[in-house]
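These notes are about the structure you will find just below.
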Amino acid sequence: MNTETIANATPITRFLIEEQRRLSTSPGSPGGGGLTALIHDVRLACKRIAALIGKGALANTLGEAGSVNSQGEAQKKLDVLANEIFLRTNEWGGQLAGMLSEEQAEPYPIPPQYPRGPYLLLFDPLDGSSNIDVNVAVGSIFSVLRCPEGVTEPSAADFLQPGSAQVCAGYAIYGPSTMLVLSTGRGVHGFTLDREIGEFSLTHPNLRIPETTSEFAINASNSRHWEPAIRRYVHECLQGQSGPRGRDFNMRWIASLVAETHRILMRGGVFMYPRDRRDPGQPGRLRLLYEANPIGFLIEQAGGRASTGLGPVLELIPQELHQRVSFVFGARTEVERIERYHRDHNEFELDVPLFGARGLFTTPTV
Ligand code: MN
Ligand code: MN
């Protein structure tokens, strides 16, 4: 970076304050200094986590914590530490009425010694933590909702708002460089952490997802459990040039939602974690409130589409705090195609006759 670039870089603080000035003049906006202050605290939490993760084994933070979270999943030491960092960094600032973490069954109330504010913060403090011990990119995901008017002690029901109600969403990715990517409803902007000055600078303004792609991401080891629409879509991609799509596709799978999202925001693609047959009571793997909703918000703000496979994920009315959901997102035309396949034929019981025997999946349609 040359000296001119350093002098002209837009630090995240300046970006947020300018955004706040713009918002405060538009009626009905979610603006105001409170949101800016909240995002500042979230950014500090992400810097703290980045510093800790960056030390790796030197900080003795790798490995299992020996505990399970609210959903019965084994916690890594860093899951626990990142959760602590999020809670401690965001509880005192006076902008929040409550928090909800992946790691805790119930909402976290703001301790009585701190002032309350108008927002709710929902987060996955460490996403992709199975990648921690192998030094692959992980992240943090966050979502900001308005606390319902007049509520100072939010209950679980106050968090059950559709993704379309988010006033801000974003993630940090802890990779070769640490980045913060966020949206307050006016596009998606990426900031890179300058480790020497300890601050994020705007490096990726107005991210846009290309409408079409030849790259898809799915955990193929689950293919025998997939629903027919997903099997058809992937099968057609794999057929490449000689199939109905008429071109070759590439596959990627990092097993870290943040890293998959980041790749798609940077160069396009489509991601699928569909519902499958393993547990009919469980419509998918990813959590709606602090994974699919914030990521979906960013994707839609970047011109992509975020879906359950059946329709927009942001329109779902949540029923439970840790509800899971089928999640397909990325390039708009590809996600619309997958939705179309769901509408065309997606009954599990039709699965067997439709595959092979009647040759439906080689029909060059749509
Ligand atoms: Mn996660
Ligand atoms: Mn997590």
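One-based numbering, in listed order, for ligands and for the atoms of each.
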| said: Can you pull out every ring pair (Phe, Tyr, Trp, His ring centres under 6.0 Å) where at least one residue sits in residues 58-78? Sequence neighbours excluded, please. | reply: none
| Is there a donor in the side chain of Ser143 and an acceptor in the side chain of Asn293, or the other way round, less than 3.5 Å apart? | no
| query | Are Lys77 and Glu84 within salt-bridge range, i.e. N to O under 4.0 Å? | reply | no
| When hydrophobic residues are tied together by side-chain contacts of less than 4.5 Å, even through go-betweens, does Leu87 share a cluster with Leu145? | no
| query | Can you tell which of Leu257, Ile338, Val313 makes a side-chain contact (heavy atoms from CB on, under 4.5 Å) with Phe329? | reply | Leu257
| Would you call Arg14-Glu19 a salt bridge at under 4.0 Å N-O? | no
| note | Given a cut-off of 2.8 Å, the protein N, O or S atoms lying below it from the Mn ion (ligand 1) are Asp124 OD2, Asp127 OD1, Glu291 OE2
